[in-house]
Structures are given as C-alpha cells and as structure tokens.
Amino acid sequence: MAPSAADVFVWKRRLSIMYAVGIWTVTGSAAYYYLFMRKDRKEKAALPSTGYEEIPTIHETDCQKDENKPNTFFVQTITYKENFVPYSTRIYNYIKTFSEK
C-alpha cells in the first residue's frame with residue numbers, strides 16, 4: 001500500500017518543522033556563545049599575564065578545618081543481589097553465542 005499524497009505532505013511538513021527548530025537552536029547557541037564568551041575572552045586578555053597559572057595550595061582548598069563543620073564520617077553500604085550477573089557480562093555472553101559453533 002503506497003502512502004497517499006496527504007500522508008507525504010504531513011510527513012514533509014513535520015520534518016521541515018523539526019529541521020527548522022534544530023537550525024534555530026544551533027544558530028541561537030552560536031550567537032549566545034559568540035556574544036557572551038567574547039566578553040570573557042576580553043576580560044581575560046585585560047588581566048596581566050604572569051606566565052603561569054595559579055594553582056591553589058592545599059591550605060586554600062576545602063580541606064581546611066572549619067569550626068562550624070562537625071567532624072563526621074559518612075558510611076556507604078553496598079548491597080549485592082544473590083547470583084546477580086552484570087548487564088555487561090550478559091551482553092558479552094549473548095554476543096559470544098553467535099561466534100560459537
């Protein structure tokens with residue numbers, strides 16, 4: 001059974017709408033990136049360059065002891081199902097059956 005002309009027309013219209021939405025999304029993303037990321041590049045270029053990138057030391061990171069933070073430990077419990085076979089192993093075994101003779 002061949003599709004009717006109306007079905008083809010509806011299909012083409014849906015495809016063209018999807019294409020238009022995709023093109024506007026890409027165009028809008030490119031414009032946003034060009035307009036807003038350009039400012040960031042100008043700001044970075046205005047800063048004096050020291051020749052190296054500053055890396056925070058261990059004392060400047062979150063490892064510092066905070067007086068307001070309680071000294072607690074988090075415990076995570078992992079529970080395994082009995083006789084559970086991982087999905088990757090299942091897929092591998094299924095594909096392997098095609099090569100066996």
Side-chain angles (χ1 to χ4, degrees):
M1 180 177 192
S4 67
D7 293 338
V8 172
F9 179 73
V10 169
W11 182 81
K12 285 184 178 181
R13 186 166 57 180
R14 287 180 185 165
L15 185 65
S16 65
I17 289 171
M18 185 179 70
Y19 181 75
V21 168
I23 291 297
W24 277 109
T25 302
V26 170
T27 304
S29 299
Y32 178 82
Y33 180 79
Y34 177 75
L35 292 174
F36 291 105
M37 296 301 161
R38 195 170 98 193
K39 291 178 184 176
D40 290 343
R41 279 190 252 131
K42 283 183 180 178
E43 290 172 1
K44 287 181 183 177
L47 295 175
S49 121
T50 57
Y52 64 92
E53 192 175 318
E54 291 186 25
I55 300 172
T57 62
I58 196 163
H59 301 291
E60 296 172 346
T61 61
D62 294 334
C63 294
Q64 289 180 341
K65 213 169 196 178
D66 190 5
E67 299 297 328
N68 299 331
K69 202 184 274 187
N71 191 10
T72 59
F73 294 99
F74 295 99
V75 177
Q76 181 178 7
T77 305
I78 301 174
T79 321
Y80 293 100
K81 293 181 182 178
E82 188 175 337
N83 299 326
F84 178 75
V85 179
Y87 293 110
S88 58
T89 306
R90 292 180 190 181
I91 294 170
Y92 173 74
N93 290 338
Y94 178 71
I95 293 173
K96 193 170 75 171
T97 59
F98 292 117
S99 64
E100 292 178 354
K101 294 182 182 180

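- Residues forming a ring pair (Phe, Tyr, Trp, His ring centres under 6.0 Å) with Y32 (at least two apart in sequence, or on another chain): F36.
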Show me, pair by pair, the donor-acceptor contacts under 3.5 angstrom made by side chains of residues 82-95, not counting sequence neighbours?
residue	atom	partner	partner atom	Å
R90	NE	V85	O	3.1
R90	NH2	V85	O	3.4
N93	ND2	T89	O	3.3

Donor-acceptor pairs under 3.5 Å, side chain of residues 10-23 to any protein atom, not counting sequence neighbours: which ones?
residue	atom	partner	partner atom	Å
S16	OG	K12	O	3.3
S16	OG	R13	O	2.8

